[in-house]
Amino acid sequence: LIGANLYDRLETMIDEKPNDVAFKFSLTNQSYTYKELKQRIDELAQNLLKYGFKNGDRLAIMLPNTPEYVFTVLAAASIGVVS
């Protein structure tokens, strides 16, 4: 990750392997491909922007260890919001 942040690396993986499994949530046995992950991240990022979040803002995320937590952290990172 030298010279890149987590979301930059994720974008590379989305471009290179959109149909590969990005992560699997073992508790519910749910799997998400990079393409599905990007769709969820983009949707959440748009909602954060709609609610007025912008680059450099801080966001407290109070969610249990679920896929939605991962989506929210990555969505915030994608628009420069610190979670």
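Keep in mind the model is a prediction, meaning the values are calculated, not measured. Keep in mind that the numbers below use all heavy atoms, side chains included, and drop hydrogens, waters and symmetry copies.
- For residues 63-75, the set of pairs meeting the side-chain hydrogen bond (donor to acceptor under 3.5 Å, both in side chains) definition, not counting sequence neighbours, comprises T66-E68.
- Taking the side-chain hydrogen bond (donor to acceptor under 3.5 Å, both in side chains) definition, one finds that N29 meets it with K24, sequence neighbours left out.
- Among residues two or more places apart in sequence or in another chain, the side chain to side chain contact (heavy atoms under 4.5 Å, CB included) test is passed with S78 by Y7, I41, A45.
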Exercise. Test V81 against N55 for side chain to side chain contact (heavy atoms under 4.5 Å, CB included), laying out the working first.
Key: CA-CA 5 Å; V81 172; N55 188 22; over 6 Å; no
Practice problem: Evaluate side chain to side chain contact (heavy atoms under 4.5 Å, CB included) for I14 paired with L37, printing each intermediate quantity in order. | Solution: CA-CA 9 Å; I14 291 166; L37 186 60; 5.9 Å; no
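- Pairs passing the ring pair (Phe, Tyr, Trp, His ring centres under 6.0 Å) check and including a residue from residues 42-67, sequence neighbours excluded, do not occur.
- Between atom CD1 of residue I79 and atom CD of residue Q46 there is a gap of 8.5 Å, rounded to the nearest 0.5 Å.
- Residues L59 and V82 form no side-chain contact, since every pair of their non-hydrogen atoms from C-beta on lies 4.5 Å or further apart.
- Sorted by first and then second residue, the pairs that involve residues 10-48 and meet ring pair (Phe, Tyr, Trp, His ring centres under 6.0 Å), not counting sequence neighbours, are F23-Y32, Y32-F71.
- The salt bridge (charged side-chain N to carboxylate O under 4.0 Å, His left out) check on K54 picks up D57, with sequence neighbours excluded.
- Listed by chain and residue number, nothing satisfies the side-chain hydrogen bond (donor to acceptor under 3.5 Å, both in side chains) test with T12 (two or more places apart in sequence, or in another chain).
- Note that CD of E11 and CG of L74 are 11.0 Å apart. Values are rounded to the nearest 0.5 Å.
- For residues 29-45, the set of pairs meeting the salt bridge (Lys or Arg N to Asp or Glu O under 4.0 Å) definition, not counting sequence neighbours, comprises K38-D42.
- S26 is linked by a side-chain hydrogen bond (donor to acceptor under 3.5 Å, both in side chains) to nothing, counting only residues two or more places apart in sequence or in another chain.
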